[in-house]
> 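Can you read through this structure? Questions will come right after.
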Amino acid sequence: MERSCKSLADGVELAVCRTEQFKTGLLSVTLAVPLAEQTATVNALAPEVLCRGSRRYPDMEQLSAATDRLYGAALGPSVRQRGESQCVSLLCSFIDDRYTLDGTALLEPAAELMGEVLLDPATQDGLFRQDYVESEGVNLADDIRARINDKRGWSIFRLTQEMCAGEAYALDKLGDAEQAAAMTPRRLWDGYQDLLRGARVIVCYGGSADPQRVEEAVERHFGPLLRGREVRLPCQVVERPAGPVRRVTDRLDVTQGKLAMGFRTGGVTMGTPLYPALLVCNALYGGTSHSKLFEHVREKMSLCYFASSMLDGVKGILAVSSGVEFSDFDRAEQAILDQLEAVRRGDFTQEELDAALRSVVNSLVSRRDSQGQMEDDWVTRLLSPRGGLDGELLARAVEQVTGDDVAQVARLIQLDTVYRLTGKEGQ
Amino acid sequence: MEFVDYPALRERVFRSTLPNGLRVMVLRRPEYSRQFAFFATQYGGMDLRFREEDGAGWVDTPAGIAHFLEHKMFDTEDGSALRVLAANGAVDNAFTASHITGYYFEGTRGFEENLRTLLSFVSVPYFTRESVAKEQGIIAQEIRMCEDDPEDAAYHQLLDGMYAHNPIRSRVVGTVESIAGLTPEILYQCHRAFYRPGNMALCVGGNVDPERVRALAEEILPAGHTAPVAVDLGLPEPRETVRAYAQREMPVSAPMFELGFKGTPARPGEQLRQELTAQLACDMLLGSSAPLYNRLYQQGLINGSFDCYYDAAPGCAHLMAGGESREPRRVLEETLKEAARLAREGLDPELWERQKRAAYGGMVRRLNSLESTCIDLVQSCFEGDDYLRFPELFQSIEAEDAQALLAGWCVEERASLSVVTPPAT
């Protein structure tokens with residue numbers, strides 16, 4: 001596996017991972033801008049409308065026929081959030097040249113198709129087609145409203161909204177449902193031109209082609225993206241210490257309660273010296289199925305079906321999520337805090353520490369077995385304000401983490417907000 | 001161990017059947033950092049009634065028992081199993097479906113120790129009254145979580161509408177009531193019946209030595225060979241669905257639906273072929289390149305959440321499609337109309353060739369994942385087939401096969417629609 005990253009123009013990076021490990025090639029183009037209320041909806045909607053059709057393949061049936069001919073290449077949009085950045089991507093996964101029935105190379109035609117979708121869309125009077133804007137606007141609004149269907153995801157989403165109120169981080173990366181439903185072709189078109197001009201561009205490729213071939217395909221098919229860029233401010237991350245603990249409760253018609261607790265990591269983020277210790281701390285506390293939360297809150301106390309912690313390393317937030325009976329909210333909350341206290345005191349065995357450390361190393365090393373995860377890591381690292389080590393270097397740093405480091409970092413973690421999703425009155 | 005090469009896919013799989021009946025497979029992937037091991041039994045949520053060990057009568061067990069058993073297998077007498085895997089940083093888990101229970105780990109170090117542990121905790125049961133009682137609390141929470149999941153609700157409402165007898169209707173997790181009466185004795189009995197090596201398979205993927213995998217399996221698992229027990233799947237299913245329509249209210253943002261067409265189970269040895277044919281038929285009818293999909297999408301009747309697929313289990317096979325829609329009944333009507341047209345006029349040859357190519361590419365892409373490839377190999381081994389034969393099978397499937405399937409399955413009396421709507425205000 002050979003990895004390289006180079007700048008193709010001001011604000012444009014190309015990351016290539018050459019390997020024959022996979023059956024496929026993966027090519028992605030990411031446009032990253034600061035997440036902002038005025039632009040979030042436009043940026044999230046644009047790739048959906050782009051995927052309705054290009055000038056050459058003006059509807060989904062024809063576009064789909066084009067991907068079918070590329071052996072069922074999976075072409076699709078993605079909207080990700082990294083810290084306070086909104087990342088709008090187009091990804092294409094296609095089988096490697098070695099597996100096509102007639103030896104056809106697919107990298108170049110896939111890049112061509114992506115270039116057409118991004119830069120040469122189907123238009124009407126010089127703007128996006130009205131019918132596409134309307135129907136994708138409604139679809140996006142539905143997606144945003146559908147967040148509530150997954151109660152666990154919803155509780156974490158609501159926690160974030162409350163905890164980071166006033167920070168761009170709290171905005172929905174998909175934007176606003178009403179704005180989406182009311183979008184006009186003119187607004188979307190102008191907004192998309194701003195995104196194309198002003199975004200930081202990250203192109204990633206993983207597969208068997210050599211970097212030169214990839215660069216040529218990118219130059220040829222994404223040319224307009226590489227010239228005349230006016231990259232806006234670099235993507236910032238707002239860091240804020242935890243204040244007095246905030247409490248929020250919502251009521252919905254549910255049979256199981258959801259408890260979500262948000263913590264700030266006290267300035268420890270990806271790229272800082274204590275970050276490896278924070279990864280181990282999260283694994284030990286609630287990140288694995290042998291963590292303290294799993295062992296004590298689920299297994300020993302039978303308080304809930306799940307209780308786990310997750311980390312946003314770019315932003316510096318740790319969130320604990322748990323599903324509990326309504327009557328057990330207080331006990332579960334206390335148990336979750338007690339376990340954090342135990343980590344702070346260094347109250348864990350060498351065995352627990354080793355297991356946490358190895359599980360982090362395992363997950364970091366394993367990521368190179370997945371093209372999708374490698375792509376995601378490139379994007380994350382390039383957008384992390386303090387950079388970050390690549391998976392293997394980070395794994396080595398994690399191996400050096402001591403119990404004292406873990407306790408130290410746990411003492412920096414402060415509770416910020418507690419969110420409860422409970423049943424309707426009288427339930 | 002013997003190996004088979006699949007030159008078109010650049011894969012090599014080692015295979016062996018141990019004297020105790022266990023089928024062992026190793027997918028060699030020298031360039032992967034991880035190892036993935038999958039150890040599974042042909043036993044799941046639908047296998048509720050089975051022949052007693054002495055062959056005298058039938059044993060009836062409550063819904064959810066296979067899944068409950070899966071949870072309890074992680075307990076060992078000295079509590080060491082998971083510690084070993086955890087100490088190596090390996091990730092272990094398990095799942096239970098209608099007719100399979102699988103246990104697995106993935107890790108990057110201590111492979112042999114990890115594999116020993118997996119084989120041993122799955123083959124040596126240890127249940128106590130206390131541990132069963134404790135698990136009832138945990139699983140009750142899991143059941144509640146499933147009950148709040150609208151997709152799950154739509155799916156089960158559909159199965160209830162499609163099948164009159166087949167135990168596929170039974171929820172894999174069971175209900176709070178059905179698992180309340182479980183005891184260590186009945187769990188031991190199910191373990192004896194279904195966790196015998198002759199009813200199981202092991203598949204390992206990664207940079208591992210196939211002979212070592214075989215040797216470890218032989219060393220750790222019981223030696224005696226016993227044939228799988230007979231399972232009763234109930235009365236034969238009628239050709240038609242039970243009811244055409246069902247709906248319920250849940251707190252969702254937009255109506256969700258799942259529609260199904262009841263099919264005919266494949267003959268033994270034909271499962272993989274039927275799966276490929278049916279998936280292609282599904283793509284021709286409702287796939288994203290098909291005219292109907294695009295018409296429905298343009299009319300706002302479906303959105304990007306829409307998905308269609310084939311699924312099968314012993315005694316049943318069906319096509320399903322679902323997503324969000326403001327007018328699920330119209331989606332079903334249009335689908336029936338289009339299926340009738342395809343059955344009458346035949347499939348568009350150009351689209352058919354493209355679909356085959358796309359489906360082939362999709363299956364090749366799926367091979368990137370060690371997890372899905374190992375699981376697919378085991379599933380197809382349980383059916384007496386070889387999943388990696390798909391490139392040649394594709395060659396032999398004709399448009400007429402898919403047309404005949406649509407003509408036979410996608411008709412009104414074999415259709416059922418399940419809808420979950422937001423509460424009426």
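Every chain is numbered from 1, with letters handed out A, B, ... down the list of sequences.
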> Is it the case that A/Ser321 and A/Arg152 place a side-chain donor and acceptor less than 3.5 Å from each other?
yes
> Do B/Val208 and B/Tyr32 make a side-chain contact, defined as non-hydrogen atoms from C-beta onward lying under 4.5 Å apart?
no
> Heavy-atom cut-off 4.5 Å, strictly under: side chain, backbone, both or neither for A/Asp369 against chain B?
both
> Measure distances from A/Phe306 to the heavy atoms of chain B and classify the residue's part below 4.5 Å as side chain, backbone, both or neither.
side chain
> For chain A, which candidate among B/Lys134, B/Gln141, B/Gln298, B/Arg29 shows the most heavy-atom pairs at distances under 4.5 Å?
B/Gln141
> Could you tell me which portion of A/Glu351 (side chain, backbone, both or neither) has an atom closer than 4.5 angstrom to a non-hydrogen atom of chain B?
side chain
> Looking only at heavy atoms and a cut-off of under 4.5 Å, which of B/Leu9, B/Leu367, B/Asp148, B/Thr108 has the most pairs with chain A?
B/Asp148
> Using atom types as modelled and distance alone, determine if a side-chain donor or acceptor of A/Glu352 lies under 3.5 Å from a backbone N or O of A/Thr349.
yes
> Given heavy-atom pairs under 4.5 angstrom as the criterion, report whether the side chain, backbone, both or neither of B/Met256 touches chain A.
side chain
> Where on B/Glu353 is there a heavy atom nearer than 4.5 Å to chain A: the side chain, the backbone, both, or neither?
neither
> Is A/Arg368 close to chain B through its backbone or its side chain, or both, or neither, when contacts mean heavy atoms under 4.5 Å?
side chain
> I'd like to know whether the aromatic ring centres of A/Phe94 and A/Tyr71 sit less than 6.0 Å apart in this structure.
no
> Check this for me: does any side-chain nitrogen of one of B/Glu11 and B/Arg28 sit under 4.0 Å from a carboxylate oxygen of the other?
no
> Where does A/Leu101 contact chain B at under 4.5 Å (heavy atoms): side chain, backbone, both or neither?
side chain
> Please classify the contact between A/Val360 and chain B as side chain, backbone, both or neither, with a heavy-atom cut-off of under 4.5 Å.
neither
> When only pairs under 4.5 Å are counted, which of B/Ser33, B/Gly137, B/Pro30 shares the most heavy-atom pairs with chain A?
B/Ser33
> Count the heavy-atom pairs under 4.5 Å between each of A/Arg147, A/Glu136, A/Lys151, A/Glu48 and chain B, then report the option with the highest count.
A/Glu136
> So which of B/Glu135, B/Glu324, B/Met145 has the biggest tally of heavy-atom pairs under 4.5 Å with chain A?
B/Met145
> Using a cut-off of under 4.5 Å for heavy-atom pairs, which of B/Leu370, B/Asn294, B/Asn303 has the most such pairs with chain A?
B/Asn294
> Would you confirm whether B/Asn114, through its side chain, and B/Gly110, through its main-chain N or O, come within 3.5 Å as a donor-acceptor pair?
yes
> For A/Glu134, which atoms come within 4.5 Å of any heavy atom of chain B: side chain, backbone, both, or neither?
neither
> Please identify which of these residues, A/Glu375, A/Met1, A/Glu2, meets the side-chain contact (heavy atoms from CB on, under 4.5 Å) condition with A/Cys17.
A/Met1
> Between A/Ala283 and chain B, which part of the residue has a heavy atom less than 4.5 Å away: side chain, backbone, both or neither?
neither
> Less than 4.5 Å to any heavy atom of chain B: does that hold for the side chain of A/Val361, its backbone, both, or neither?
neither
> Is it the backbone or the side chain of B/Asn368 that comes under 4.5 Å from a heavy atom of chain A, or both, or neither?
both
> Using heavy-atom distances under 4.5 Å, tell me whether B/Pro150 contacts chain A through its side chain, its backbone, both, or neither.
side chain
> Please flag which part of A/Lys23 lies under 4.5 Å from any non-hydrogen atom of chain B: side chain, backbone, both or neither.
both
> For A/Gln371, is it the side chain, the backbone, both, or neither that has a heavy atom closer than 4.5 Å to a heavy atom of chain B?
side chain
> B/Arg295 versus chain A, heavy atoms under 4.5 Å apart: side chain, backbone, both or neither?
neither
> In terms of ring plane angle, is the pair B/Tyr104 and B/Phe95 parallel, tilted or perpendicular, where the classes change at 30° and 60°?
tilted
> Taking the side chain as every heavy atom from C-beta outward, state whether A/Val365 and B/Arg109 have any pair of such atoms under 4.5 Å apart.
no
> Could you tell me which of A/Ser370, A/Ser93, A/Ser289 has the largest number of non-hydrogen atom pairs under 4.5 Å with chain B?
A/Ser93
> Side chains of B/Gln35 and B/Asn207: any donor to acceptor distance under 3.5 Å?
no
> Below 4.5 Å from any heavy atom of chain A, which atoms of B/Pro391 appear? Answer side chain, backbone, both or neither.
neither
> Considering only heavy atoms from C-beta outward, does the side chain of A/Thr104 approach that of A/Asp97 to under 4.5 Å?
no
> Knowing that exactly one of B/Phe105, B/Phe121, B/Phe68 qualifies, which makes a ring-ring contact (aromatic ring centres under 6.0 Å, His included) with B/Phe74?
B/Phe121
> Could you have a look at A/Asp354, A/Ile148, A/Asp142 and say which one has the most heavy-atom pairs with chain B under 4.5 angstrom?
A/Asp142
> What I want to find out is whether B/Glu350 reaches B/Arg354 closely enough, with some N-O distance under 4.0 Å, to be called a salt bridge.
yes
> Please determine, by modelled atom types, if A/Arg52 and A/Ser135 share a side-chain donor-acceptor pair under 3.5 angstrom.
yes
> Testing the 3.5 Å rule here: is there a donor-acceptor pair between the side chains of B/Thr128 and B/Ser131?
yes
> If we define contacts as heavy-atom pairs under 4.5 Å, which of B/Ala359, B/Ser288, B/Ala254 has the most with chain A?
B/Ser288
